[in-house]
Amino acid sequence: MKILVTGASRGIGYDTTLQLARTREHQLLALGRSEAKLTALAAKVREELGDGILDVLVYDLTNADPARLESALRKLGGLDVLINNAGLLINKPFDQLTPSDWHDSFHVNLFAVVNTIRIVLPYLSAASAAHIVNIGSMGGFQGSSKFVGLSAYSAAKAALANLTECLAEEFKDWNIAVNCLSLGAVQTEMLTAAFPGYQAPVSSKEMGAWVAWFAVNGQRYFNGKILPVSISTP
Ligand SMILES: NC(=O)c1ccc[n+]([C@@H]2O[C@H](COP(=O)([O-])OP(=O)(O)OC[C@H]3O[C@@H](n4cnc5c(N)ncnc54)[C@H](OP(=O)(O)O)[C@@H]3O)[C@@H](O)[C@H]2O)c1
């Protein structure tokens with residue numbers, strides 16, 4: 001499969017990309033802002049697995065020329081799976097959140113996903129059975145425990161979950177499944193920002209393996225689903 005992973009420079013996106021690469025069954029495009037980290041990922045994959053498996057694209061989802069992504073997709077030669085993994089967590093109580101914080105949170109967690117899907121749609125609709133995986137959060141899962149400081153993040157992830165259901169309906173005649181994985185705590189830099197000192201029961205590597213499996217196989221079993229992937233609170 002041809003697979004695009006956003007937010008691949010670190011954390012869950014990095015480990016998902018590495019897991020997918022190690023199957024040697026896919027061609028990957030890994031996107032993020034940090035050139036140094038993406039270059040290191042590309043070098044690791046090349047050294048371990050050889051050429052032709054992974055291309056990287058330094059691309060700020062909130063401020064990039066879409067033509068650069070379109071050009072990378074043409075080079076990839078199609079797309080079967082999009083993993084919208086990049087995310088931004090701002091940890092501030094509601095009365096300290098600025099309009100700019102709210103804008104940034106919704107920009108990365110929702111509008112960037114919308115923009116990316118708009119760009120890749122012609123490629124996904126040309127694939128035989130495509131899959132969009134939106135990486136949501138238990139914070140945005142209806143009825144879950146909520147935490148002080150996470151309103152801008154959780155509200156944006158809730159909107160992403162709803163978008164998932166809407167797009168599954170819109171895209172069903174094009175054989176594009178759309179699902180949302182609402183993740184619980186995973187040990188990454190983002191978790192440390194949200195819950196300093198807390199030790200998550202799941203490592204980034206473990207979650208990366210699960211997301212990689214789901215991205216390639218989940219469309220056979222799920223469409224339009226918001227799936228809680230969590231064994232703890234937070
Ligand atoms: N860790 C958890 O406990 C947890 C729980 C629930 C949900 N999640 C979700 O899982 C996903 C991955 O989280 P994580 O914990 O791995 O986070 P992380 O370690 O903070 O990594 C975030 C990734 O998103 C990328 N990113 C952020 N803003 C971007 C932008 N404007 N353009 C392009 N890339 C951007 C970062 O790239 P650069 O560093 O290169 O900018 C980085 O690769 C997120 O959607 C997060 O909300 C995580």
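All of these numbers come straight from a predicted model, not from anything done at the bench. Note: hydrogens, waters and symmetry copies are ignored here, and every other heavy atom, side chains too, is used.
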*Is the backbone N or O of Val81 less than 3.5 Å from a side-chain atom of His131, with the two atoms forming a donor-acceptor pair by type?*
no
*Can you tell if the side chain of Gln187 reaches within under 4.5 Å of the side chain of Ser204, non-hydrogen atoms only?*
no
_Distance-minimising heavy-atom pair for Glu48 and Arg24_ = O-NH2, 3.9 Å
*Applying the 4.5 Å side-chain criterion to the ILVMFWY set and letting contacts propagate, would Val5 and Leu88 be lumped into a single cluster?*
no
*Is it true that a side-chain atom of Arg22 and a backbone atom of Leu49 form a donor plus acceptor pair closer than 3.5 Å?*
no
*Which heavy-atom pair separates Met207 from Ile12 by the least distance, and what is that distance?*
CG-CG2, 4.2 Å
*Hey, what do you get for CD (Glu165) to NZ (Lys225), rounding to the nearest 0.5 Å?*
8.5 Å
*Find out whether Glu170 and Val178 are in side-chain contact, i.e. whether some heavy atom of one side chain is under 4.5 Å from a heavy atom of the other.*
no
*Single-linkage hydrophobic cluster, 4.5 Å side-chain cutoff, Leu54 and Leu4 together*: no
*Has the side chain of Asn91 got a donor or acceptor atom that lies under 3.5 Å from a matching backbone atom of Ala194?*
yes
*Regarding Lys146 and Ser144, is there a side-chain donor-to-acceptor distance under 3.5 Å anywhere?*
yes
*Output yes when a side-chain donor or acceptor of Asn179 lies under 3.5 Å from a complementary backbone atom of Ile226, and no otherwise.*
no
*Shortest non-hydrogen separation from Lys157 to Gly136 and the atoms involved*: CD-CA, 3.9 Å
*Ignoring hydrogens and angles, tell me if any N or O in the side chain of Ser154 forms a donor-acceptor pair with the backbone of Ser151 under 3.5 Å.*
no
*Checking Ser71 side chain against Ala67 main chain: does a donor-acceptor pair fall under 3.5 Å?*
no
_Aromatic ring pairing Trp102/Phe94, orientation class (parallel under 30°, perpendicular over 60°, tilted between)_ = perpendicular
*Is there any salt bridge (charged side-chain N to carboxylate O under 4.0 Å, His left out) pair reaching into residues 79-108, and which pairs are they, with sequence neighbours excluded?*
Lys92-Asp101
*Contact check, side chains of Thr6 and Ile135, non-hydrogen atoms, under 4.5 Å*: no
*Step through the shown structure and confirm whether more than 12 heavy atoms of other residues, nucleotides or ligands are within 6.0 Å of CD on Glu35.*
no
_Donor-acceptor contact present, side-chain Thr17 to main-chain Ala30, <3.5 Å_ = no
*Once the angle between the rings of Phe106 and Phe111 is folded into 0 to 90°, is it parallel (under 30°), tilted (30 to 60°) or perpendicular (over 60°)?*
tilted
*asked:* Could you check whether any side-chain heavy atom of Val113 comes within less than 4.5 Å of a side-chain heavy atom of Asn109, counting everything from C-beta outward?
replied: no
*Distance-only, no hydrogens or angles: does the Thr164 side chain make a donor-acceptor pair with backbone N or O of Leu160 under 3.5 Å?*
yes
_Give me the atom names and distance for the closest heavy-atom approach of Ser105 to Ala152._
OG-O, 2.9 Å
*What's the verdict on side chain to side chain contact (heavy atoms under 4.5 Å, CB included) for Asn175 and Ser128, showing C-alpha distance, side-chain angles and the deciding distance?*
CA-CA 7 Å; Asn175 282 330; Ser128 56; over 6 Å; no
*asked:* Can a donor-acceptor pair be found, under 3.5 Å and without considering hydrogens, that links the side chain of Gln96 to the backbone of Pro93?
replied: no
*Leu29 with Val45, same ILVMFWY side-chain cluster at under 4.5 Å*: no
*Find out whether Leu73 and Ile119 are in side-chain contact, i.e. whether some heavy atom of one side chain is under 4.5 Å from a heavy atom of the other.*
yes
_Quick check for you: to the nearest 0.5 Å, what is the distance between Leu82 atom CG and Asn134 atom CG?_
7.5 Å
*Enter the distance from Ser34:OG to Tyr14:OH here, rounded to the nearest 0.5 Å.*
11.5 Å
*Begin from the C-alpha positions of Thr233 and Phe147 and carry the test side chain to side chain contact (heavy atoms under 4.5 Å, CB included) through to its verdict.*
CA-CA 10 Å; Thr233 308; Phe147 297 92; 3.9 Å; yes
*Assess whether side chain to side chain contact (heavy atoms under 4.5 Å, CB included) is satisfied between Leu61 and Asn115, documenting all intermediate values.*
CA-CA 8 Å; Leu61 288 160; Asn115 289 337; over 6 Å; no
*asked:* Within the 4.5 Å heavy-atom criterion, are Thr62 and Val108 side-chain neighbours or not?
replied: yes
*Establish whether Ile90 and Leu110 are linked, either directly or via other cluster members, by ILVMFWY side-chain heavy-atom contacts under 4.5 Å.*
yes
*Report yes if some heavy atom in the side chain of Val216 is under 4.5 Å from a heavy atom in the side chain of Ile3; otherwise report no.*
yes
*With a 4.5 Å limit on heavy-atom distance, are the side chains of Phe195 and Leu150 in contact?*
yes
*asked:* How long is the straight-line distance from NE2 of His103 back to OG1 of Thr98, given to the nearest 0.5 Å?
replied: 11.0 Å
_Let me confirm one number: the CG-CG distance from Leu181 to Asn84, rounded to the nearest 0.5 Å._
11.5 Å
*Can you see which heavy atom on Pro228 is nearest to which on Met138, and at what distance?*
CB-SD, 3.6 Å
*Going by the angle between their ring planes, with limits at 30° and 60°, are Trp174 and Phe171 parallel, tilted or perpendicular?*
parallel
*In terms of hydrophobic clustering (I, L, V, M, F, W, Y; side-chain heavy atoms under 4.5 Å; direct or indirect links), are Leu227 and Trp213 co-clustered?*
yes
*asked:* Would you compute the distance between atom NZ of Lys2 and atom CG of Asp55 and round it to the nearest 0.5 angstrom?
replied: 11.0 Å
*Full working for side chain to side chain contact (heavy atoms under 4.5 Å, CB included) between Lys205 and Leu18*: CA-CA 9 Å; Lys205 199 170 164 185; Leu18 211 46; over 6 Å; no
*asked:* Checking the side chain of Asn85 only, and the main-chain atoms of Gly7 only, is there a donor and an acceptor separated by less than 3.5 Å?
replied: yes
*Locate the shortest heavy-atom distance separating Thr188 from Gly11; write the atom from each residue and the value.*
CG2-CA, 4.0 Å
